[in-house]
Novice: 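What follows is a structure written as structure tokens; I'll ask about it next.
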Amino acid sequence: MFADYTMGELGAIFAMQGFAGLILFSVFVLMALGLAIIFGQMGVINMAHGEFMILGANVTYLTSNLFANYIPSLFSIYFFLAMILAFFVTAALGMLVEWSLIRHLYKRPLDTLLATWGLSLILQQVYRSVFGAREVGVTIPEWMMGSLPLTDLIEIPINGIFVMVLAVGISTAVYIMMFRSSWGKQVRAVTQNRVMAGAVGINTERTDRLTFGIGCGVAGVAGSAFTMIGSTGPTAGQLYIVDTFLVVVFGGAASLLGTIASAFSISQAQSIMEFFLSGSMAKVLTLLTVVGILMLRPQGLFALKLRK
Amino acid sequence: MNARPDFLLSVENLTVSFDGFKAVDGLSFYVEPNECRVIIGPNGAGKTTVLDLICGRTKATEGKVEFKNQELLKMREDQIVHAGVGRKFQTPTVYEDLTVFENLEISYPKGHGVFGALMFRRDDPVKTRINEIAGEVFLDDLLHEKAAFLSHGQKQWLEIGMLLIQDPELLMLDEPVAGMSVAERKQTAELLNRIIQDRSGIVIEHDMKFVEDIATRVTVLHQGKVLSEGSMAHVQADPKVIEVYLGH
Amino acid sequence: MLLKGNRFFSTSDLVGFAILAVLIFVILPVGLDTFRLNLFGKYLTYAFVAIGLVLCWGAGGILSLGQGVFFGLGGYCMAMFLKLEASSPEATKIQSTPGIPDFMDWNQLTELPLWWEPFHSLTFSLFAVIVIPVVFAFIIGVAMFRRRVGGVYFAIITQAIAAILTILIIGQQGYTGGVNGITDLRTLKGWDIRTDDAKVLLYFVNGALLFVCLFIAQLIRKSKLGRILIAMRDQEDRVRFSGYDVANFKIFVFCAGAAFSAVGGAMFTLQVGFMSPSFVGIVPSIEMVIFCAVGGRLSIIGAVYGALLVNLAKTTFSELFPELWLLGLGAVFIAVVLAFPNGLAGLYKDHVEPRLLALFKKKMGDDGSAEDFDAIKTAAE
Ligand SMILES: Nc1ncnc2c1ncn2[C@@H]1O[C@H](COP(=O)(O)OP(=O)(O)OP(=O)(O)O)[C@@H](O)[C@H]1O
Ligand SMILES: [Mg+2]
């Protein structure tokens with residue numbers, strides 16, 4: 001199959017394919033970060049994670065319309081404001097959900113799973129009623145369109161670079177917050193021993209609520225970033241959920257580095273296989289490999305030895 | 001070196017490390033048939049961990065545990081139970097949703113395979129044995145009560161009963177009188193003295209009075225290592241023990 | 001007296017079984033036209049799955065989010081047989097390759113794939129309906145339970161498996177019929193399954209099989225194995241130290257649940273006349289869990305009512321108010337977790353049965369043994 005290409009063309013194909021893999025990697029990282037906080041650190045299974053991303057995307061869509069209609073002069077930078085808004089709106093919804101639903105279920109993880117699935121159905125219907133059943137795409141600002149020519153054969157889309165930069169930025173922020181700040185210490189203290197953490201003076205309820213909120217907020221930002229590279233419909237969130245959970249579980253639920261490593265290996269495997277196989281078979285093989293490895297090594301790539 | 005055959009259980013150079021922290025460190029001790037060995041030591045000394053290692057709940061990093069010439073470290077928990085080792089947990093663990101009778105029935109040593117359990121019948125020998133054991137652990141009046149409704153002490157007894165019905169050769173009890181009233185303690189001490197008669201036991205206990213009552217020999221653990229071993233009088237007189245444990 | 005309890009059936013179980021039998025075999029067939037009856041027959045095929053979930057999830061604490069996989073595998077095995085019978089060379093002579101299923105022809109296949117061949121045989125196909133899903137469940141079960149993967153991880157992995165199988169079926173449309181599934185099924189050994197008479201008969205066969213499964217499930221629940229499952233759900237470690245190899249028991253119930261689901265799937269194909277990936281994936285699989293939860297996760301009879309009720313509501317609402325349906329279903333998921341963890345069976349147990357039993361006792365001085373598994377409340381507070 002390679003015979004038809006010159007060496008230069010082959011190199012370019014691999015470079016572009018590798019770059020496509022990197023974009024997919026960034027997408028996975030963004031999807032998984034919020035869940036790595038909510039599931040990995042708090043142990044809560046949030047099946048509505050995808051819907052929180054869609055909320056972020058919808059907030060971005062509304063913001064872009066607002067700018068286009070009222071302050072077109074600033075349209076080129078609306079996206080930054082949209083991301084901040086997406087974070088706060090989804091975080092607020094997340095805290096509301098934690099307060100009304102999740103906090104009653106910390107001891108019943110499987111029930112949380114069902115309840116949040118119910119939540120995801122409700123959110124989907126709400127999106128459909130408000131934004132319509134069709135996919136919506138945002139107009140991306142001028143400067144983000146087009147691509148950077150690296151050589152005369154290799155071109156890199158700017159919005160792809162943008163998503164990658166975001167992924168790096170947000171992962172760094174999450175890392176600092178969860179593992180380098182006293183706040184992160186509190187979160188881990190609460191999840192490891194709620195009673196004890198309460199006894200040493202941590203406000204466990206507030207910690208839970210804020211952590212859940214931040215996890216959702218990060219999902220919202222991810223959703224916002226996705227509008228730069230594709231469109232979103234009301235049920236798109238459901239498409240992400242399996243991938244997202246597998247990335248987090250495969251990485252070893254409690255490890256952020258693991259999440260990133262697993263996002264990297266899954267995305268690279270998938271985009272490399274996509275070059276040889278049809279899209280659906282590449283997907284099947286990737287997921288199958290991940291599930292197979294998880295069966296052999298249930299603790300994931302990076303795991304801590306914990307007392308049962 | 002091979003373990004001496006006249007020991008029921010020989011633990012040699014047993015070590016477990018949790019991410020570098022050695023909770024049990026090169027531990028060796030031997031239990032003779034009909035001996036009641038008590039393990040004492042300060043909190044976090046590794047006592048519970050030793051029992052976890054022997055019964056297969058935690059995997060050892062290195063060492064040997066031989067029980068009647070079988071290497072336990074290579075066996076699964078249920079195989080170790082069938083070999084004749086019974087284990088009681090530190091916090092009483094019984095099946096709260098089942099009755100006392102059903103709790104004991106599950107522990108009855110028959111029908112332990114999937115199909116055995118499907119075909120298991122509550123026949124007369126089973127009923128007789130359950131009644132007998134329930135009497136022994138003072139629960140004969142509560143046979144059809146849900147275990148969830150038992151008091152803390154009664155749950156401890158039920159768990160001991162669940163071990164007894166398995167008729168193990170080696171009984172391992174983790175703090176069997178913790179959380180009991182004085183009267184319950186006395187009753188339990190008598191019970192343990194009775195059931196330990198024709199088998200061996202490893203008992204973990206903090207209550208010195210109780211230890212004196214039941215111990216044949218005492219092993220003092222400290223930071224995963226044996227600090228002292230011998231008769232109760234011997235360890236009580238040992239200055240090292242007084243310093244780290246009995247002293248305060 | 002007929003309704004006197006024994007080792008396997010307490011009086012209240014017998015009453016429950018009797019009421020359900022009257023409903024399925026008398027009230028529904030008398031009260032409904034063939035079209036509606038067939039619809040109820042379809043709902044009842046989901047009850048098979050829900051019963052399996054009561055064993056796995058309610059009793060054993062193993063939540064599988066991939067029951068659609070087994071339902072689908074059973075259904076596809078049946079559909080493959082029926083499709084081959086419907087694709088005789090005479091019936092398909094307008095195709096460019098006569099004698100193979102139409103969707104293969106549309107996808108430029110010129111030969112029946114080798115793995116389709118055995119499905120010419122009815123005996124093999126019926127065998128495959130049960131064996132393939134059970135072997136598949138066994139492999140998953142051994143891989144996961146031997147390594148002590150359970151709880152949330154098991155749920156997520158079974159969900160991923162459901163996703164994988166759906167993508168695979170949709171992607172390989174030349175071999176599987178793709179997103180439309182295997183459609184246009186006609187006869188079973190020459191007997192036309194599309195006629196009204198056939199539909200009524202199939203409804204009764206379905207009902208009878210459902211009772212066989214209920215009966216098996218009841219035996220499992222009431223044997224010591226049933227009690228071990230509950231013990232395992234609450235204190236897995238203790239069960240190990242009572243001398244049981246916990247993994248084997250989990251594998252067993254998971255396989256039993258798969259077998260029930262597969263029978264349901266095969267009956268679905270027969271009654272509805274097609275099978276498609278929309279009964280396999282993540283969404284249908286998790287909906288099956290809600291049938292069980294609505295019925296009451298501890299009650300096999302409740303599971304049947306749960307399946308009937310949720311599906312009836314779905315048909316009604318999604319026709320009348322399509323927008324409300326998803327909201328309603330979402331609310332049911334939340335309500336059943338927060339407010340009614342024991343579902344319909346819990347409501348029945350608390351409010352209806354005491355009165356019913358009192359009535360019976362007055363009538364015939366029955367002893368009505370109280371010992372019962374339904375009464376066990378979930379560990380959940
Ligand atoms: N699985 C594990 N992972 C990490 N650390 C562990 C694990 N199991 C035990 N430890 C540690 O090993 C040490 C010994 O614990 P162990 O429970 O055996 O003490 P103990 O002597 O039984 O104490 P107590 O008297 O309080 O019951 C403790 O510091 C404990 O935190
Ligand atoms: Mg201890």
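Every chain is numbered from 1, with letters handed out A, B, ... down the list of sequences.
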Novice: My understanding is that only residues two or more places apart in sequence, or in another chain, count here; which of them pass salt bridge (charged side-chain N to carboxylate O under 4.0 Å, His left out) with C/Arg146?
Specialist: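 For C/Arg146, the residues satisfying salt bridge (charged side-chain N to carboxylate O under 4.0 Å, His left out) (neighbours in sequence not counted) are C/Asp245.
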
Novice: Holding to side chain to side chain donor-acceptor pair (under 3.5 Å), I want the full list of residues that pass it with A/Glu98, two or more places apart in sequence or in another chain.
Specialist: A/Tyr106, A/Arg209

Novice: So which part of C/Ala163 gets closer than 4.5 Å to some heavy atom of chain A, the side chain, the backbone, both or neither?
Specialist: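 Only the side chain of C/Ala163 comes within 4.5 Å of chain A.
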
Novice: Nearest heavy-atom pair of C/Gly61 and A/Leu110: which atoms, and what distance?
Specialist: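 Minimum heavy-atom separation between C/Gly61 and A/Leu110: O-CD1, 4.0 Å.
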
Novice: Please flag which part of C/Trp325 lies under 4.5 Å from any non-hydrogen atom of chain A: side chain, backbone, both or neither.
Specialist: neither

Novice: Counting heavy atoms not belonging to A/Phe264, are there more than 12 under 6.0 Å from its CZ?
Specialist: no

Novice: CG of C/Leu320: more than 12 outside heavy atoms within 6.0 angstrom?
Specialist: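 More than 12 within 6.0 Å, yes.
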
Novice: Non-hydrogen atoms of chain C under 4.5 Å away: do they reach the side chain of A/Met281, the backbone, both or neither?
Specialist: side chain

Novice: Using non-hydrogen atoms only, which part of A/Ile45 is less than 4.5 Å away from chain C: side chain, backbone, both, or neither?
Specialist: side chain

Novice: For a quick test of reading the model, state the closest non-hydrogen atom pair linking C/Val337 to A/Arg108 and the distance between them.
Specialist: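 Distance-wise, the nearest heavy atoms are O-NH2, 2.7 Å.
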
Novice: Hey, are the side chains of A/Leu294 and C/Met144 touching, using non-hydrogen atoms and a 4.5 Å cut-off?
Specialist: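 No. Closest side-chain heavy atoms not under 4.5 Å.
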
Novice: State the OG-CD1 distance between A/Ser120 and C/Ile286, to the nearest 0.5 angstrom.
Specialist: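 Here the rounded value is 7.5 Å.
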
Novice: List the residues meeting ring-ring contact (aromatic ring centres under 6.0 Å, His included) with C/Tyr244, not counting sequence neighbours, and say none if there are none.
Specialist: B/His112, C/Phe249

Novice: Is A/Phe131 atom CZ crowded by more than 12 heavy atoms from other residues, nucleotides or ligands, each under 6.0 Å away?
Specialist: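 More than 12 heavy atoms, drawn from other residues, nucleotides or ligands, come within 6.0 Å of this atom.
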
Novice: Side chain, backbone, both or neither: which part of A/Ser100 has an atom under 4.5 Å from a heavy atom of chain C?
Specialist: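 Contact with chain C: backbone only.
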
Novice: Please state whether the side chain, the backbone, both or neither of C/Val332 comes within less than 4.5 Å of a heavy atom of chain A.
Specialist: neither

Novice: Hey, could you give me the CG/CG distance between C/Leu65 and A/Leu113, rounded to the nearest 0.5 Å?
Specialist: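 It is 5.5 Å, given to the nearest 0.5 Å.
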
Novice: So C/Ile164 and A/Lys283, do their side chains get closer than 4.5 Å, heavy atoms only?
Specialist: no

Novice: Select one option (side chain, backbone, both, neither) describing which atoms of C/Val149 are under 4.5 Å from chain A's heavy atoms.
Specialist: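 Only the side chain of C/Val149 comes within 4.5 Å of chain A.
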
Novice: Looking only at heavy atoms, which of residues 165-176 of chain C get nearer than 4.5 Å to chain A?
Specialist: C/Ile167, C/Leu168, C/Gly171, C/Gln172

Novice: A quick test of your reading: do over 12 heavy atoms of other residues, nucleotides or ligands sit less than 6.0 Å from CH2 of A/Trp99?
Specialist: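 No.
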
Novice: Is any side-chain heavy atom of A/Phe245 less than 4.5 Å from a side-chain heavy atom of C/Ile157?
Specialist: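 Sidechains of C/Ile157 and A/Phe245: no contact.
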
Novice: Does any part of the side chain of C/Val336, heavy atoms only, come nearer than 4.5 Å to the side chain of A/Asp111, both counted from C-beta?
Specialist: no

Novice: If you compare all heavy atoms of C/Ile334 against all heavy atoms of A/Ala115, which two are closest, and at what distance to 0.1 Å?
Specialist: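 Heavy atoms of C/Ile334 and A/Ala115 come nearest at CG1-O, 3.5 Å.
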
Novice: Below 4.5 Å, heavy atoms only, C-beta onward: do C/Leu329 and A/Ile122 meet side chain to side chain?
Specialist: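 No, every pair of side-chain atoms sits at 4.5 Å or beyond.
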
Novice: Which bit of A/Leu285 comes within less than 4.5 Å of chain C, counting heavy atoms only: side chain, backbone, both or neither?
Specialist: neither

Novice: Does any heavy atom of chain A fall under 4.5 Å from the side chain of C/Leu324, the backbone, both, or neither of them?
Specialist: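 Interface part for C/Leu324: neither.
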
Novice: Does any heavy atom of chain A fall under 4.5 Å from the side chain of C/Ile156, the backbone, both, or neither of them?
Specialist: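 Only the side chain of C/Ile156 comes within 4.5 Å of chain A.
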
Novice: Is it the side chain or the backbone of C/Ala143 that comes within 4.5 Å of chain A heavy atoms, both, or neither?
Specialist: both

Novice: Do C/Phe333 and A/Leu119 come within less than 4.5 Å of each other through their side chains, counting heavy atoms only?
Specialist: no

Novice: Does the side-chain contact (heavy atoms from CB on, under 4.5 Å) test come out yes or no for C/Ile282 and A/Trp117, once each step is laid out?
Specialist: CA-CA 11 Å; C/Ile282 300 178; A/Trp117 180 267; 3.9 Å; yes

Novice: Evaluate the side-chain proximity of C/Gln159 to A/Val242: yes if any heavy-atom separation is below 4.5 Å, no if none is.
Specialist: yes

